[in-house]
Amino acid sequence: MFTSKAVILRMLSRFRHIPSSSSACGKASCSRLVLGIETSCDDTGAAVIDETGLILGESLHSQKEVHLRTGGIIPTVAQQLHREHIAHVVREAMERSGVNPSQLSAVATTVKPGLALSLGIGLEFSQKFVRDHNKPFIPIHHMEAHALTVRMLQPVAFPFLVLLISGGHSLLAVARGVNDFLLLGQTLDEAPGDTLDKVARRLSLIKHPQCSTLSGGQAIELLAKDGDRRKFPFKTPMGQHYDCCFSFAGLRNQVTMTIMKKEAEEGIQQGTLLSCVNDIAAATQHTVASHLAKRTHRAILFCKANGLLQSCHPTLVVSGGVASNQYIRKALMFITEATGLNLLCPPAKFCTDNGVMIAWNGVERLREGTGILPHNVDVSYEPKAPLGVDIMTEVKAAAIRVPSVKLRITD
């Protein structure tokens with residue numbers, strides 16, 4: 001079931017993209033068009049879509065290779081790279097779409113949350129653009145955009161449960177409307193993508209011949225396929241906390257201590273690849289997946305007990321960069337099958353940061369007539385911004401105990 005849904009979503013994403021050679025002029029007269037701009041972290045993205053979700057043109061500049069060389073994202077470096085590329089990225093997306101600025105109905109831009117220096121570049125460019133072309137401006141919450149992306153690809157009715165997992169975020173929420181969310185839980189320290197990246201750096205996976213061009217999370221997923229997770233039974237975090245919040249810092253400490261122990265046993269210095277690197281990768285990935293699955297399971301039970309999801313065909317949407325990890329998707333599939341939910345994940349290209357999801361969020365808000373500002377209104381970016389109404393206290397008070405579900409995942 002899971003594989004077929006993923007395949008269908010990938011097919012839909014291809015069918016919904018208009019080749020750059022196609023003219024958008026005819027569509028511009030009968031459909032509202034939105035330019036989306038994304039610079040919340042280390043990807044400079046832009047896209048033009050119409051109100052049906054057709055992608056008329058898009059462009060993306062990734063900073064991954066630069067940050068791999070520096071061992072992580074340095075905010076000032078990310079800011080400079082955004083500054084150098086944003087004009088070209090937006091111009092390329094517009095040219096590929098065949099749309100003139102005069103044909104746009106609005107410009108949507110990520111303004112929260114994210115790296116302050118990165119957000120500032122996108123906001124500054126966007127505000128100048130809308131003022132130059134006298135266009136409405138739609139400020140976008142980055143996590144709201146991730147949550148709604150799947151609705152661009154297929155009909156998904158509100159309300160639905162959403163798990164958003166990335167390098168900077170980890171949260172569970174009920175999406176009740178375009179800008180109506182109930183926050184069930186969030187990370188108390190670091191995000192899963194950050195944990196996987198830091199473990200990969202501590203393991204020096206960039207020196208591994210198969211991983212030199214991969215992000216930390218991608219390297220962990222690749223090596224884990226040939227590893228035995230049972231050799232390092234890391235403890236799943238927060239086992240005695242009956243809420244829907246996450247914590248990954250303790251797991252990372254467990255892994256770090258194990259790496260130090262194995263380095264001493266093998267007589268090697270930090271920076272040298274361990275012989276058991278595949279096993280550590282597999283155990284780390286499994287523990288992250290197990291933690292995400294258990295907290296999501298509790299969220300599902302809480303939602304069912306309180307009538308927060310549709311009675312027929314309730315849905316879990318998983319998005320964000322870490323959602324492209326296939327092992328984690330399979331772990332979540334065990335939970336949705338056990339609880340009767342429909343699992344939906346956007347294709348990998350729409351899980352990571354991109355201009356398309358921002359443009360689509362703009363379309364959704366344009367339809368609702370909410371959050372649309374005149375071109376001359378000053379907007380501030382917000383590096384930290386919660387999503388929706390916080391009901392985490394109510395979730396914790398419910399103290400729901402989750403039945404055991406065996407995650408027998410095979411690659």
Note to self: Within a 6.0 Å radius of atom NE2 on H133, are there more than 12 heavy atoms belonging to other residues, nucleotides or ligands?
What the structure shows: yes

Check: With a 4.5 Å heavy-atom cut-off, do V363 and T52 have their side chains touching?
Finding: no

Next item on the list: Decide yes or no for I165 and V318: does some side-chain heavy atom of the first lie under 4.5 Å from some side-chain heavy atom of the second?
Entry: yes

Notebook entry, point to check: What do the steps show when you test D43 against Q63 for side chain to side chain donor-acceptor pair (under 3.5 Å), and what is the final call?
Noted result: CA-CA 6 Å; D43 289 316; Q63 303 176 8; over 6 Å; no

Check: Taking C-beta and beyond as the side chain, do M392 and D243 meet within less than 4.5 Å on heavy atoms?
Finding: no

Next item on the list: Indicate whether any N or O donor in one side chain lies under 3.5 Å from an N or O acceptor in the other, for T109 and S126.
Entry: yes

Margin query: Show every side chain to side chain donor-acceptor pair (under 3.5 Å) that has at least one partner inside residues 374-403, sequence neighbours left out.
Written below: R131-D378, N134-H375, Y242-R401

Check: How would you list, by chain and number, every residue that makes a side chain to side chain donor-acceptor pair (under 3.5 Å) with H61, sequence neighbours excluded?
Finding: H85

Next item on the list: For the pair D50 (side chain) and G53 (backbone), establish whether a donor and an acceptor sit closer than 3.5 Å, ignoring hydrogens and angles.
Entry: yes

Next item on the list: Start with the C-alpha distance between D353 and H142, add both sets of side-chain angles, then the distance that settles side chain to side chain donor-acceptor pair (under 3.5 Å), and finish with yes or no.
Entry: CA-CA 9 Å; D353 296 347; H142 184 76; 3.0 Å; yes

Margin query: Ignoring hydrogens and geometry beyond distance, is a side-chain donor-acceptor pair present between N100 and S102 at under 3.5 Å?
Written below: no

Checklist line | Side chains of T287 and P237 in contact at under 4.5 Å (non-hydrogen atoms) | finding: yes

